[in-house]
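Atoms considered below: every heavy atom in the structure, side chains included; atoms not considered: hydrogens, waters and symmetry mates. Letters A, B, ... are given to chains in the order of the sequence lines, protein chains preceding strands, and every chain is numbered from 1.
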Amino acid sequence: MALHGRIVSLHQDPENLYYRSVFPKGKEPIKDEDDTLPLLKHYLNLTPNLTQLYAEWSAADANFKKKAPKFTGVRILKQDAWEALVGFICSSNNNIIRISQMIDKLCKNYGPLLGNMDELPYYDFPAPSDLATVGVEQKLRELGFGYRAKYIYKTACMIAEKEDGWLDGLRNPESPVLGVKPVSGGDFVPEGREGYRSAHEELLALQGVGPKVADCVCLMGLGWGEAVPVDTHVWQIAQRDYKFGRGKHSSLTKATYDAVGNKFRSLWGKEAGWAHSVLFTADLKAFSERLVAKTETKEEVDVVVKEEADGEAEIETVEKDTKVLVKQVKQVKREAEDEEKPLTEIKENVVKKNKRRRKAY
DNA sequence: GTCGGGCCTCTGGG
DNA sequence: ACCCAGAGGCCCG
């Protein structure tokens with residue numbers, strides 16, 4: 001994956017998550033000043049205490065208590081806002097495999113070369129201005145983006161037109177912004193408007209951005225923990241477990257969409273979007289089958305991790321996924337160039353969230 | 001505000 | 001062989 005202007009390779013074994021980084025020529029950090037580790041921890045959002053959060057959500061909501069898995073975690077990525085925006089525009093009416101391929105095509109065709117790793121070239125995610133040039137829509141159609149080609153092109157134009165830093169100005173000021181350049185324009189939130197609502201509304205003006213995509217960008221890209229993306233699956237859950245789908249809220253209209261989000265926010269509070277993702281994940285049939293079938297048996301858990309840890313192909317998908325499943329606290333070793341170096345601190349194994357893959361277990 | 005129809009492309013199921 | 005619904009939606013009228 002590309003992370004803050006460098007190539008980062010990730011892989012893992014049952015005990016550790018490993019990474020190594022390659023910087024563009026001339027931009028190599030001086031000795032002991034590679035900040036990849038903190039950036040990675042920030043990106044994967046590894047700091048919050050999952051056990052405590054789960055306890056809070058369970059105390060507030062019996063359904064969550066009943067359905068949420070006990071021994072796995074789901075974490076919300078802290079993605080770059082622009083990347084999240086484009087990624088989720090691509091996600092409409094689409095599956096994860098294809099979305100990943102589309103993101104990859106954007107990087108290869110429009111992103112700056114970062115350098116090579118293992119003999120292979122890697123490209124950064126393109127800037128808005130890179131995608132706001134004539135012929136982009138046509139080209140993206142040829143590349144298989146379908147009707148989303150126009151959305152990406154038009155949204156890129158709109159963002160490129162705006163003041164520099166506009167998108168990051170919609171960010172939650174409470175949320176840590178590690179690695180994000182300071183914004184000159186700063187606060188784009190209108191007076192008297194609560195931050196999340198305002199950010200959501202601003203995003204809706206962009207082409208290809210409806211309420212669901214706007215909430216994904218708010219949650220994953222802008223640090224608004226209370227954003228609750230209501231997709232078809234969450235809508236099913238809301239109907240089955242939270243008494244929606246009848247009377248006033250019989251269909252998923254705009255008003256109903258907001259009502260579902262408000263309900264979850266009132267239940268789960270400031271990190272409602274996180275809780276919702278946990279519940280969502282827990283509800284996936286294949287996933288829950290896996291959980292009940294294999295209890296905390298150590299070997300079996302390890303098998304799961306192994307299957308996910310198969311190198312380069314996984315790297316893209318980890319970046320693209322809206323959620324990352326994280327196992328219990330482990331350690332992260334640091335790996336440099338071709339040989340491993342002494343481990344630094346941390347934790348966590350990352351498991352890709354992907355329904356299709358899960359079937360293979 | 002709500003409601004249908006259409007949209008790129010791929011895939012699994014009748 | 002063929003059609004159709006669905007994929008973590010959105011736009012337009």
Side-chain angles (χ1 to χ4, degrees), chain A residues 74 76-77 79 84-106 136-158 200-221 227-240 244-261 264 272-288 317-325 352-360:
Chain A
V74 174
I76 302 293
L77 295 182
Q79 296 179 286
L85 175 57
V86 176
F88 287 113
I89 287 175
C90 291
S91 78
S92 86
N93 220 326
N94 210 345
N95 61 69
I96 292 176
I97 305 289
R98 186 166 166 225
I99 297 165
S100 303
Q101 291 167 347
M102 288 162 78
I103 299 300
D104 197 47
K105 286 174 184 174
L106 284 178
V136 167
E137 180 183 344
Q138 167 77 25
K139 172 79 169 179
L140 291 181
R141 280 197 170 266
E142 290 166 10
L143 289 171
F145 282 66
Y147 61 83
R148 304 164 198 83
K150 181 162 70 178
Y151 298 161
I152 292 170
Y153 169 68
K154 291 209 165 184
T155 288
C157 289
M158 291 172 82
H200 180 97
E201 193 174 308
E202 294 286 340
L203 291 171
L204 288 181
L206 301 168
Q207 289 293 306
V209 180
K212 189 268 182 180
V213 168
D215 274 331
C216 286
V217 177
C218 280
L219 182 61
M220 261 73 67
V228 178
V230 181
D231 58 32
T232 54
H233 197 97
V234 172
W235 175 230
Q236 304 296 321
I237 296 175
Q239 291 177 87
R240 192 193 62 208
F244 283 89
R246 304 192 285 272
K248 168 109 183 72
H249 299 303
S250 56
S251 67
L252 191 51
T253 62
K254 176 79 176 121
T256 306
Y257 185 100
D258 291 338
V260 171
F264 288 156
W274 197 334
H276 127 286
S277 298
V278 174
L279 195 57
F280 174 101
T281 306
D283 201 69
L284 292 176
K285 198 180 292 174
F287 184 71
S288 41
T317 52
V318 167
E319 180 185 24
K320 262 31 129 197
D321 278 345
T322 56
K323 295 131 208 158
V324 176
L325 305 182
K352 181 172 174 299
K353 172 194 165 301
N354 181 321
K355 285 186 292 187
R356 295 180 155 279
R357 294 204 135 254
R358 220 167 273 129
K359 289 182 180 174

Practice prompt. Could you check Val209(A) against Pro229(A) and say which one's nearest nucleotide on DNA chain C is further toward the 5' end?
Written response: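 Nearer the 5' end of the strand: Pro229(A).
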Worksheet entry | Residue closer to the 5' end of DNA chain C, Arg98(A) versus Lys150(A) (nearest nucleotide) |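 First, find each residue's nearest nucleotide; the 5'-ward one identifies Arg98(A).
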What's the gap between [N] and [M] when it is taken at their [atom1] atoms, as a whole Å value?
N: dA7(C); M: dT2(B); atom1: C1'; value: 25 Å
N: dA5(C); M: dG4(B); atom1: P; value: 16 Å
N: dG1(B); M: dG9(C); atom1: P; value: 23 Å
N: dC8(B); M: dC12(C); atom1: P; value: 13 Å

Can you measure [X] atom [atom1] to [N] atom [atom2] for me and round it to whole angstrom units?
X: Lys154(A); N: dC10(C); atom1: NZ; atom2: P; answer: 17 Å
X: Phe88(A); N: dA7(C); atom1: CZ; atom2: C1'; answer: 15 Å
X: Asn93(A); N: dA7(C); atom1: CG; atom2: P; answer: 8 Å
X: Ile152(A); N: dC8(B); atom1: CD1; atom2: P; answer: 13 Å
X: Gln236(A); N: dG9(C); atom1: CD; atom2: P; answer: 11 Å
X: Asn94(A); N: dA5(C); atom1: CG; atom2: C1'; answer: 15 Å
X: Leu206(A); N: dC11(C); atom1: CG; atom2: P; answer: 10 Å
X: Lys254(A); N: dG9(C); atom1: NZ; atom2: P; answer: 16 Å

Worksheet item: Mind checking who dC8(B) pairs with, Watson-Crick or G-U wobble, both distances under 3.5 Å?
Response: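 Across any shown strand, dC8(B) pairs with none.
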Worksheet item: Taking Arg148(A) for the side chain and Gly208(A) for the main chain, is one N or O donor matched with an acceptor at less than 3.5 Å?
Response: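 No; zero donor-acceptor contacts below 3.5 Å.
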Below the 4.0 Å mark, does [N] have OP1 or OP2 next to a side-chain nitrogen or oxygen of [X]?
X: Ser251(A); N: dC3(B); result: yes
X: Thr232(A); N: dG6(C); result: no
X: Thr253(A); N: dT2(B); result: yes

Discussion item. Tell me the closest heavy-atom pair linking Ala214(A) and Leu203(A), and the distance in Å.
Written reply: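 Ala214(A) and Leu203(A) have their closest heavy atoms at O-CD1, 3.6 Å.
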Item to complete: Compare every heavy atom of Phe145(A) with every heavy atom of Cys90(A), then report the nearest pair and how far apart it is.
Response: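 Smallest interatomic distance, heavy atoms only, reads SG-CE2, 4.1 Å.
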Which nucleotide sits closest to the side chain of [X]: [options]?
X: Arg141(A); options: dG9(C), dT2(B), dC8(B); answer: dC8(B)
X: Asn95(A); options: dA7(C), dC8(B), dG9(C); answer: dA7(C)
X: Arg148(A); options: dC10(C), dT2(B), dC8(B); answer: dC8(B)

Discussion item. Any non-hydrogen side-chain atom of Gln236(A) less than 4.5 Å from a side-chain atom of Asp283(A)?
Written reply: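 Of all side-chain heavy-atom pairs linking Asp283(A) with Gln236(A), none is under 4.5 Å.
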Practice prompt. State, yes or no, whether a side-chain contact exists between Val260(A) and Val228(A) at a heavy-atom distance under 4.5 Å.
Written response: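 No, side chains not in contact.
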Worksheet item: In terms of the angle between their ring planes, are His276(A) and Phe280(A) parallel, tilted or perpendicular, with boundaries placed at 30° and 60°?
Response: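 His276(A) and Phe280(A): tilted rings.
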Discussion item. Considering every strand and a 4.0 Å limit on heavy-atom distances, what is the contact class for Ala255(A): base, sugar-phosphate, or nothing?
Written reply: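 Counting heavy atoms under 4.0 Å across all strands, the contact made by Ala255(A) is with sugar-phosphate only.
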Practice prompt. Please state whether the base of dG9(C) and the side chain of Tyr147(A) form at least one donor-acceptor pair under 3.5 Å?
Written response: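 Side chain to base: pair present.
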